[in-house]
Engineer: 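This is the structure I want to talk about, given as structure tokens.
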Amino acid sequence: MKRLIFLLLLITFSIVACSNQSDMLEKQIDTYTEDWNNNNFLEMYDLLSNDSKAEFSKEEFVSRYEKIYKDIEVDNLKVSYEIPEKSEIKKAENEIDIPIKVSLDTLAGPISFTENLTFIFEEKTKDETANWKVDFHPGLIFPELKDGGKLSISHLPAERGEILDRNKKPLALNGNAYEIGITPESFVDEESEKQQLAKSLNLSLDQINNTLSQTWVEDHLFVPLKKVQEDDSTTLNQIDDIPAATKKKIKIRTYPLGPAAAHLVGYIGKINAEEMKENPGYQNGDSIGKRGLEQLYEKELKGTLGTIISVKNEDDSEVVLAEKPGNNGKTITLAIDKNVQEEIFNSYDGKAGTASAIDPQTGEVLALVSSPAFEPNDFVLGVEKGDWETLENNPNMPLLNRFSSTFAPGSVIKPITAAIGLKNETIIANEGLKIDGLTWGKESWGSSKVKRVSTSSGPVDLNDALVRSDNIYFAMQATKMGEEKFVKGLKEFGFNSDIPTSYPIKKSSISRDGELSSEALLAHSSYGQGEIEMSALHLASSYSPILNNGDMLKPRILESDKKEVWGESLIDEKNINIFQDSLRSVVTDGTAKVANKADFPIAGKTGTAELKSSLEESGRENGWFVGYPNDQQNIIIAMMVEEVENEGASTMVAEKVTDILIELRNKKIHSN
């Protein structure tokens with residue numbers, strides 16, 4: 001009887017022990033997988049077996065998980081398992097494999113795998129509550145790491161989007177270049193070869209030596225020195241004769257128009273620390289738009305790199321865990337015509353100034369020019385400090401984007417003043433004003449006087465005032481209409497408001513404080529002096545109502561920009577012929593007779609703006625001409641050239657615009 005009772009107690013104890021052991025194992029599995037799902041790596045480490053802890057320190061275990069999961073941007077981690085039957089646990093004795101399934105999202109896409117989570121039954125210490133411990137190995141992070149492989153993240157390239165003109169001609173594209181460098185172990189005559197390289201690459205010996213002395217340089221490694229354009233055959237041929245020199249073909253951004261579109265298109269360069277803070281997702285060595293459209297449309301142009309997460313083994317074999325293809329950048333198509341852009345830029349021949357060309361029927365911007373400019377291709381290759389300083393110190397300021405700036409318009413604003421007066425009926429076109437002498441002003445203005453170029457033989461009406469560019473006529477009309485009406489009209493023409501275009505252009509301003517509280521300032525502003533300023537683009541657009549049934553259209557720089565009215569009914573249709581006839585007469589009988597040399601009719605308006613800090617003093621002069629072909633009326637060019645006081649003033653600018661229009665007509669560029 002006692003023996004029977006003993007056997008029953010033994011069986012009961014065994015059943016209870018087996019049950020406790022099963023419950024203990026399940027609890028350990030739950031705890032470990034829950035900590036794993038929550039990235040509690042410190043707590044996971046506490047559940048490792050003694051042998052595992054001896055092989056992997058706590059710091060090593062935790063930091064490896066944290067680094068890998070951070071590097072591949074793990075998200076939606078899910079670790080699940082199936083608990084074995086109690087009978088299986090009983091058979092296992094001191095060791096058991098628990099099948100687990102791991103799934104997670106990464107920067108290269110989802111990864112999932114199955115693996116055995118091995119638990120070992122160990123003697124408990126005083127501080128422990130369970131005997132089952134995890135026998136850890138790196139294959140639990142990813143199975144491919146089990147035998148010592150290393151996780152690798154690499155990127156699949158994404159092509160930067162191109163920038164095209166209206167005819168799909170490239171303004172910025174991805175071309176080829178060569179990176180020239182040295183493999184130090186290949187030197188035959190080191191000093192001689194360094195001198196040859198310095199001469200061929202326009203580098204100093206110090207620059208070459210400093211590059212070679214970097215801590216990472218080893219004799220067998222390629223050490224890059226400079227990038228060279230693919231078509232620079234002279235330099236490339238010289239490099240071929242230097243034993244230690246090597247050239248590697250690389251992808252590079254190319255700007256076919258060079259300086260002609262430098263300020264418009266901009267350029268790309270290596271991202272700096274400040275730009276990386278402002279643009280998350282970029283890495284050291286990435287390129288980014290530095291100015292112009294390259295900077296403005298960086299997000300669209302850049303595209304997204306593809307990503308490969310793989311494990312590289314000691315035998316150089318590689319297993320891909322996840323792969324996400326890259327997306328090429330978007331192509332940006334402009335309304336700009338590269339031929340118009342080049343013709344206008346080349347006409348400056350290095351002189352300083354700015355110009356804009358638009359199609360008045362559509363609002364499309366055909367050209368935005370700033371002269372002088374820089375060579376954007378040099379910036380992509382890398383501008384030396386000395387070359388940068390030369391650009392910065394150039395008195396003509398080639399780094400200044402003039403077409404996004406504003407300037408005193410001079411007499412080219414007179415058609416705007418006239419349109420405002422005709423609309424508010426303070427100007428009657430055929431009504432003449434009696435004007436005596438070359439100067440006019442009121443006693444309350446002090447010494448400030450309005451001057452005109454020539455006297456009149458009789459009353460001056462609007463046509464005569466436009467043809468002869470009579471400052472006094474417009475000053476009288478402005479003071480008669482008063483500040484309120486004149487400012488209201490200017491605002492209807494877009495003054496003091498943002499230019500509604502996809503490229504940032506400085507808004508045109510009426511004055512420093514936006515008002516014309518002084519009557520003298522009101523008078524001088526009417527003919528483009530005072531404090532009034534305009535951009536070339538705004539000026540070209542403000543002439544479009546003359547050719548567009550009285551409406552001023554929004555300037556459209558992108559092909560995708562919609563045709564929209566910016567200023568409606570700025571000129572009554574009944575008055576349009578007044579402007580068209582008068583601006584044609586400016587060429588046939590007035591201040592722009594030089595434009596008569598074209599074998600087709602040109603119309604337009606000249607203007608000279610004095611640059612001075614007060615109304616009384618004299619200063620340098622900027623010359624303007626806004627002109628268009630009177631027969632086709634499909635392009636308006638607003639052009640300004642700086643410091644024309646000794647070069648024919650606005651007549652010189654009118655001749656340039658005429659020559660451009662002739663060339664465009666002869667080459668059938670933007671021709672009806």
Engineer: Determine, for Lys168 against Glu559, whether the closest basic-nitrogen to carboxylate-oxygen distance falls under 4.0 angstrom.
Structural biologist: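 Salt bridge: yes.
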Engineer: With a 4.0 Å cut-off on N to O distance, would you call Asp349 and Lys351 a salt bridge?
Structural biologist: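 Salt bridge: no.
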Engineer: Looking at Thr426 and Met481, would you say the former's side chain and the latter's main chain have a donor-acceptor pair under 3.5 Å?
Structural biologist: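 Checking the backbone N and O of Met481 against the side chain of Thr426, no donor-acceptor pair under 3.5 Å is found.
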Engineer: Looking only at atom types and distance, does a side-chain atom of Asn575 sit under 3.5 Å from a main-chain N or O of Ile571, one as donor and one as acceptor?
Structural biologist: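 No, the answer is negative, given that no donor and acceptor are paired below the 3.5 Å cut-off.
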Engineer: Just by distance, do the side chain of Gln361 and the backbone of Gln633 share a donor-acceptor pair under 3.5 Å?
Structural biologist: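 Pair found, side chain donor or acceptor close to backbone of Gln633.
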Engineer: Verify, without hydrogens or angle tests, whether His263 (side chain) and Pro398 (backbone) share a donor-acceptor contact under 3.5 angstrom.
Structural biologist: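 Side chain of His263 to backbone of Pro398, a donor-acceptor pair under 3.5 Å: yes, one is there.
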Engineer: Given Ile163, which of Thr331, Ile336, Leu293, Leu173 fulfils the side chain to side chain contact (heavy atoms under 4.5 Å, CB included) condition?
Structural biologist: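 In the set Thr331, Ile336, Leu293, Leu173, the residue that makes a side chain to side chain contact (heavy atoms under 4.5 Å, CB included) with Ile163 is Leu293.
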Engineer: Begin from the C-alpha positions of Lys330 and Glu162 and carry the test salt bridge (charged side-chain N to carboxylate O under 4.0 Å, His left out) through to its verdict.
Structural biologist: CA-CA 7 Å; Lys330 180 182 176 182; Glu162 295 185 337; over 6 Å; no
Engineer: Check whether more than 12 heavy atoms from other residues, nucleotides or ligands sit under 6.0 Å from atom CD of Glu425, and answer yes or no.
Structural biologist: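 Result for CD/Glu425: open.
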Engineer: Just checking, any donor-acceptor pair under 3.5 angstrom between side chains of Glu274 and Asn272?
Structural biologist: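 Asn272 and Glu274 do not have a side-chain donor-acceptor pair below 3.5 Å.
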Engineer: Assess the residue pair Ser535 and Lys506 against the criterion (side chain to side chain donor-acceptor pair (under 3.5 Å)); give the C-alpha distance rounded to whole Å, side-chain angles, the decisive distance to 0.1 Å, and a yes or no.
Structural biologist: CA-CA 7 Å; Ser535 64; Lys506 184 179 178 181; over 6 Å; no
Engineer: Given 3.5 Å as the limit, does a donor-acceptor pair link the side chain of Asn548 with the main chain of Leu553, or not?
Structural biologist: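 No: the side chain of Asn548 does not pair with the backbone of Leu553.
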Engineer: Is the number of heavy atoms from other residues, nucleotides or ligands under 6.0 Å of Leu438 CG greater than 12?
Structural biologist: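 Yes.
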Engineer: Have a look at Thr406 and tell me which of Glu533, Lys507, His538 forms a side-chain hydrogen bond (donor to acceptor under 3.5 Å, both in side chains) with it.
Structural biologist: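 Looking at Glu533, Lys507, His538, the match for Thr406 under the side-chain hydrogen bond (donor to acceptor under 3.5 Å, both in side chains) is Glu533.
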Engineer: Are there over 12 heavy-atom neighbours, none belonging to Glu278, within less than 6.0 Å of that residue's CD?
Structural biologist: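 More than 12 within 6.0 Å, yes.
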Engineer: Heavy-atom count around Lys597 NZ within 6.0 Å, excluding the residue itself: above 12?
Structural biologist: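 Atom NZ in Lys597 is crowded, with more than 12 foreign heavy atoms closer than 6.0 Å.
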Engineer: Evaluate whether atom CG of Asn577 has more than 12 neighbouring non-hydrogen atoms of other residues, nucleotides or ligands under 6.0 angstrom away.
Structural biologist: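 Buried by this count: over 12 neighbours within 6.0 Å.
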Engineer: What I want to check is whether the side chains of Asn471 and Lys414 have a donor and an acceptor closer together than 3.5 Å.
Structural biologist: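 The answer is yes; a qualifying pair exists.
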Engineer: Measure from the side-chain N and O atoms of Asn622 to the backbone N and O of Ala609, and report whether any donor-acceptor pair falls under 3.5 Å.
Structural biologist: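 No: the side chain of Asn622 does not pair with the backbone of Ala609.
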Engineer: Under the 6.0 Å and 45° cation-pi test, does Arg665 pair with Phe600?
Structural biologist: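 Flagged: Arg665 positioned over aromatic ring of Phe600.
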Engineer: Quick one: does any side-chain atom of Glu621 pair with a main-chain N or O of Glu643 as donor and acceptor, under 3.5 Å?
Structural biologist: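 Such a contact is absent between Glu621 side chain and Glu643 backbone.
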Engineer: With Glu492, which residues qualify under salt bridge (Lys or Arg N to Asp or Glu O under 4.0 Å), at least two apart?
Structural biologist: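 Once residues adjacent in sequence are excluded, the partners of Glu492 under the salt bridge (Lys or Arg N to Asp or Glu O under 4.0 Å) criterion are Lys423, Lys488.
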Engineer: Out of curiosity, Ser404 OG to Leu368 CG, how far, rounded to the nearest 0.5 Å?
Structural biologist: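 So the OG of Ser404 and the CG of Leu368 are separated by 9.5 Å.
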Engineer: Identify which one of Asn634, Ile635, Leu537 satisfies the side chain to side chain contact (heavy atoms under 4.5 Å, CB included) criterion when paired with Ile358.
Structural biologist: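 Between Ile358 and the candidates, side chain to side chain contact (heavy atoms under 4.5 Å, CB included) is satisfied uniquely by Leu537.
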Engineer: Regarding Ser560 and Arg556, is there a side-chain donor-to-acceptor distance under 3.5 Å anywhere?
Structural biologist: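 Absent: no donor and acceptor within the cut-off.
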Engineer: Do other residues, nucleotides or ligands put more than 12 heavy atoms under 6.0 Å from the NZ atom of Lys169?
Structural biologist: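 No.
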Engineer: Counting only heavy atoms from other residues, nucleotides and ligands, does the tally under 6.0 Å from CD of Glu484 exceed 12?
Structural biologist: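 Count not over threshold, so no.
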Engineer: So that I can tick it off, tell me whether Glu294 and Lys302 are bridged by a salt bridge, with the cut-off set at under 4.0 angstrom between side-chain N and carboxylate O.
Structural biologist: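 So Lys302 does not pair with Glu294 through a salt bridge.
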Engineer: Between Lys605 and Ser469, is a side chain to side chain donor-acceptor pair (under 3.5 Å) present by the stated rule, with each step listed?
Structural biologist: CA-CA 9 Å; Lys605 181 72 186 77; Ser469 200; 2.9 Å; yes
Engineer: Salt bridge between Lys667 and Glu343, side-chain N to carboxylate O under 4.0 Å?
Structural biologist: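 The answer is yes: the pair qualifies as a salt bridge.
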Engineer: Could you check whether Lys563 pairs with Glu364 (Lys NZ or Arg NE/NH1/NH2 to Asp/Glu carboxylate O, under 4.0 Å)?
Structural biologist: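 Looking at Glu364 together with Lys563, the answer is no, because their closest N to O distance does not fall below 4.0 Å.
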